[in-house]
Amino acid sequence: MVSVSAASVELSSYRDQHFKGTRAEQDKLLRLSCTLYVGNLSFYTTEEQIYELFSKCGEIRRIIMGLDKYKKTPCGFCFVEYYIREDAENCLRYINGTRLDDRIVRTDWDAGFIEGRQYGRGKTGGQVRDEYRTDYDAGRGGYGKLIQQKIGTEVPSFLR
C-alpha cells in the first residue's frame, strides 16, 4: 500500500486579514473546509478550463471567479468548492504547482466563500499584488497597475 504524506494538505501560514472572527475560529474553519483559493491564474483563464483541471480530483460544487471590482473582468484568482474534504485535499496534493494557461497555479485552503470576496481588494479593483508588480506579465494584463497609470500620464520613451 502506498502512503501519501499529509504535509501537502496541512494549513499554510497565510491567513485572510479580512476574516471576521478570531484566529482560532479561522483555523477551525480551514481544517473543516472544502473550499480552496486558487491564485496566479491568467486573466484569460476561463471557468471551463478551471473546471476541466480541478474536476480531476473530485466533484466540484461551484467555482467563483475572482473579478476586478470596477470592471467586473477576471483578475487572476478564483475559489473552488468541492463537496467533500478529501477531494479538496487531493487537489492540494496533485494540482497545486501545476500549469494552467502557461501559469503555475497556487492553491491554498480557504475558510469558506462569503459573498463579496470574489472582488479584488486592490485600490484599482484588481489584486493588490498586480498593482505593485514591476515586470511585464502578458497573462496578468501587462505591467503592474501603478506602472500602467504612470505610463498613461507620460509619453513612453520609445514614442518620443
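The chain is numbered in sequence order, starting from 1. Every value quoted in this text rests on a predicted model; they were computed, and no experiment measured them.
- In this structure, CG in D108 is found 12.0 Å from OG1 in T35, a value given to the nearest 0.5 Å.
- Looking only at side-chain heavy atoms (C-beta outward), T73 and L67 stay at 4.5 Å or farther from each other.
- Looking only at side-chain heavy atoms (C-beta outward), E89 and W109 come within less than 4.5 Å of each other.
- Counting heavy atoms from C-beta outward, R23 and R15 have side chains that approach closer than 4.5 Å.
- V38 and L11 fall within a single hydrophobic cluster, where Ile, Leu, Val, Met, Phe, Trp and Tyr side chains are chained together by heavy-atom contacts under 4.5 Å.
- Environment of CD in E25: crowded, with over 12 heavy atoms of neighbouring residues, nucleotides or ligands closer than 6.0 Å.
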Assess the residue pair V105 and R99 against the criterion (side chain to side chain contact (heavy atoms under 4.5 Å, CB included)); give the C-alpha distance rounded to whole Å, side-chain angles, the decisive distance to 0.1 Å, and a yes or no.
CA-CA 6 Å; V105 280; R99 282 193 182 276; over 6 Å; no
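- Distance OH/Y44 to CG/D102: 13.5 Å, rounded to 0.5 Å.
- Panel note: side chain S33, backbone A111; no donor-acceptor pair is recorded below 3.5 Å.
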Side chains of residues 52-59: which donor-acceptor partners sit under 3.5 Å, not counting sequence neighbours?
| unit_1 | atom_1 | unit_2 | atom_2 | d |
| --- | --- | --- | --- | --- |
| S55 | OG | Y51 | O | 2.8 |
| S55 | OG | E52 | O | 3.4 |

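- At least one side-chain heavy atom of C91 sits less than 4.5 Å from a side-chain heavy atom of L36.
- The distance from atom CG of D87 to atom CG of L92, rounded to the nearest 0.5 Å, is 11.5 Å.
- Rounding to the nearest 0.5 Å places CD1 of I84 at 8.5 Å from CG of N90.
- Under 4.0 Å is where a charged nitrogen must lie from a carboxylate oxygen, and between D68 and K72 no such pair does.
- Contact between F113 and E81 at its shortest, heavy atoms only, is CB-OE2, 3.5 Å.
- Taking the side-chain hydrogen bond (donor to acceptor under 3.5 Å, both in side chains) definition, one finds that D101 meets it with T45, Q49, sequence neighbours left out.
- By the 30° and 60° cut-offs, the orientation of the rings of Y37 relative to F77 is parallel.
- Under the 4.5 Å side-chain heavy-atom criterion for ILVMFWY residues, no single connected hydrophobic cluster contains both Y83 and I50.
- Without hydrogens or angle criteria, Q118 side chain to G116 main chain gives a donor-acceptor distance under 3.5 Å.
- Rounding to the nearest 0.5 Å places CD1 of I64 at 9.0 Å from CD of E47.
- Scanning all heavy atoms of the two residues, the minimum distance from I60 to I63 falls at CG2-CG1, 3.9 Å.
- You'll find the side chain of R117 reaches within 4.5 Å of the side chain of D110, heavy atoms only.
- Hydrophobic clustering (ILVMFWY, side-chain heavy atoms < 4.5 Å, transitive): I104 and L41 are in distinct clusters.
- Of the possible polar contacts, none joining the R85 side chain to the Y82 backbone as a donor-acceptor pair under 3.5 Å is found.
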